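Positions are given from 1 along the sequence. All of these numbers come straight from a predicted model, not from anything done at the bench.
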Amino acid sequence: MDMLDRARRYLDLNARLIDRLRFEALFGGGPRERVLDVLRCYQNADGGFGNALEPDLRGRGSQPEPVEVAFWILDELDAFDSPMVPAACDYLAQVSAEDGGVPFVLPSVRNMPRAPWWETADDPPGSLVPTASIAALLHKHGSTHPWLAAATAFCWSRIAEIGETNPYEARAVMTFLNLVPDRDRAEAEFARIKEAILATVALDPHATGEAHFPLDFAPEPLRLPLFTQDVLDVHLDALAAAQSEEGGWNGNWLMWTPLVAHEWGGYITVHQLKTLRAYGRLKG
């Protein structure tokens with residue numbers, strides 16, 4: 001049984017409908033419309049996304065981070081022409097802080113079942129996580145929504161302040177710098193903070209705990225030279241070898257209920273297959 005067949009079996013036994021349909025759309029010739037139909041069910045009337053699209057946020061209400069999850073799915077389907085996108089941007093405009101960014105998480109999370117790290121102050125400021133990744137994907141697809149200008153200015157301002165960083169912020173910054181149209185400015189900021197970003201990366205492919213590996217920062221080839229090919233090859237080999245006997249992959253952070261382990265497993269399995277294909281390690 002090859003890698004895709006093993007993954008399909010794992011997904012059939014463990015994954016959410018949306019991730020099974022994503023797999024079929026990306027690797028089995030299935031229709032993208034079915035994925036979009038299911039994704040719409042996670043979008044709320046305010047335009048935001050909730051309903052455990054991000055598995056660690058179990059509540060029905062909208063939060064900024066599930067918008068990023070939705071946009072990555074729309075990106076992989078080349079579906080940024082969907083009406084879900086401007087509706088989500090309208091939502092982001094409603095919940096943005098005065099600085100132009102959206103907070104990491106809104107205080108309404110306190111009324112939701114959630115993983116223990118989803119905490120916030122009463123009046124949270126904008127955060128590069130998830131503002132930078134969301135803005136980057138909108139730029140990639142040529143969005144002209146009014147929210148994007150203020151969000152982009154916020155991202156440039158916050159990136160200019162970075163001395164030290166953490167893996168989550170660094171990954172969001174890399175997504176932004178890789179996709180934002182102003183290439184001269186992106187390359188200049190990348191040169192300035194490259195070493196700070198690399199300081200957050202686990203270069204040992206067998207590192208344990210909540211490590212962040214090169215392929216987490218570069219799930220597909222980047223415009224910016226963050227890693228050499230030999231580093232990527234080591235981690236691509238390790239990623240392929242890490243497929244479980246059941247056929248899937250999962251996260252290396254706390255799985256705080258049995259359900260989220262299944263839901264993350266399906267999402268991450270599709271993500272890892274996409275990465276392997278992006279680097280020519282998987283046909284299909």
Side-chain angles (χ1 to χ4, degrees), residues 54 56 64-65 67-69 71-73 75-76 101 104 117 127-140 151-152 155-156 158-183 185-243 249-253 264 267-282:
E54 204 282 10
D56 289 325
E65 181 56 36
V67 175
E68 180 187 350
V69 176
F71 278 13
W72 281 115
I73 294 172
D75 173 68
E76 73 189 14
F104 170 64
W117 49 86
S127 170
L128 285 168
V129 183
T131 308
S133 297
I134 293 172
L137 289 169
L138 290 167
H139 279 300
K140 177 182 177 180
T152 301
C155 291
W156 284 127
R158 285 297 182 89
I159 290 169
E161 297 171 355
I162 289 176
E164 296 180 353
T165 186
N166 63 70
Y168 293 103
E169 182 178 77
R171 288 166 61 176
V173 167
M174 279 305 304
T175 300
F176 181 82
L177 295 179
N178 191 54
L179 296 176
V180 71
D182 188 343
R183 300 313 306 154
R185 190 172 184 180
E187 289 168 11
E189 288 290 5
F190 173 73
R192 185 182 67 81
I193 63 174
K194 179 180 178 180
E195 294 306 315
I197 291 172
L198 287 173
T200 72
V201 182
L203 293 176
D204 177 359
H206 305 295
T208 58
E210 195 176 330
H212 297 251
F213 299 105
L215 295 174
D216 296 323
F217 294 79
E220 61 185 23
L222 298 175
R223 291 161 136 176
L224 299 168
L226 185 59
F227 304 110
T228 60
Q229 190 59 48
D230 61 325
V231 168
L232 292 170
D233 285 340
V234 166
H235 285 268
L236 287 163
D237 290 342
L239 178 58
Q243 187 178 24
W249 288 263
N250 214 321
N252 57 357
W253 59 89
W264 275 125
Y267 182 86
I268 292 169
T269 293
V270 177
H271 175 81
Q272 304 294 38
L273 292 170
K274 287 168 52 184
T275 294
L276 290 166
R277 184 168 66 180
Y279 284 97
R281 296 297 190 96
L282 178 67

Would you say the side chain of [Y] lies within less than 4.5 Å of the side chain of [X], judging by non-hydrogen atoms?
| X | Y | answer |
| --- | --- | --- |
| I162 | L128 | yes |
| W249 | Q243 | yes |
| F71 | L138 | yes |
| T165 | V173 | no |
| E65 | V129 | yes |

Testing the basics here: between [X] and [Y], what is the closest heavy-atom pair and its distance to 0.1 Å?
| X | Y | value |
| --- | --- | --- |
| T175 | A136 | O-CB, 3.5 Å |
| V69 | E54 | CG2-CG, 4.0 Å |
| N252 | A211 | ND2-O, 2.9 Å |
| H235 | A202 | CE1-O, 3.7 Å |
| A186 | V180 | CB-CG1, 3.8 Å |

ask   = With a 3.5 Å cut-off and no angle check, do the side chains of D56 and W264 form a donor-acceptor pair?
value = yes
ask   = If you measure only the distance, is there a donor-acceptor pair under 3.5 Å linking the side chains of W72 and E76?
value = no
Quick one: [atom1] on [X] to [atom2] on [Y], what's the gap to the nearest 0.5 Å?
| X | Y | atom1 | atom2 | result |
| --- | --- | --- | --- | --- |
| L198 | L203 | CG | CG | 7.0 Å |
| F190 | R183 | CZ | CZ | 10.0 Å |
| T152 | D182 | OG1 | CG | 10.5 Å |
| L232 | Y279 | CG | OH | 4.5 Å |
| L282 | T275 | CG | OG1 | 10.5 Å |
| C155 | I134 | SG | CD1 | 9.5 Å |

Ignoring hydrogens and angles, write down the donor-acceptor pairs under 3.5 Å from the side chains of residues 215-224, residues two or more places apart or on other chains.
residue : atom : partner : partner atom : Å
D216    : OD2  : F213    : N            : 2.8
R223    : NH1  : N178    : O            : 2.9

remark   = By salt bridge (Lys or Arg N to Asp or Glu O under 4.0 Å), R192 pairs with (sequence neighbours left out) E189
query = Which pairs with one or both residues in residues 232-243 pass salt bridge (charged side-chain N to carboxylate O under 4.0 Å, His left out), sequence neighbours excluded?
reply = D233-R281, D237-R281
Pairs satisfying salt bridge (charged side-chain N to carboxylate O under 4.0 Å, His left out), at least one member in residues 158-174, at least two apart = D99-R158
Residue list, ring-ring contact (aromatic ring centres under 6.0 Å, His included) with H139, at least two apart or on another chain = none
note = Residue pairs meeting side chain to side chain donor-acceptor pair (under 3.5 Å), one or both in residues 199-211, sequence neighbours left out, come to Y168-E210
request  = Please assess T131 against F176 for the test side-chain contact (heavy atoms from CB on, under 4.5 Å), listing each intermediate value before the final yes or no.
outcome  = CA-CA 9 Å; T131 308; F176 181 82; over 6 Å; no
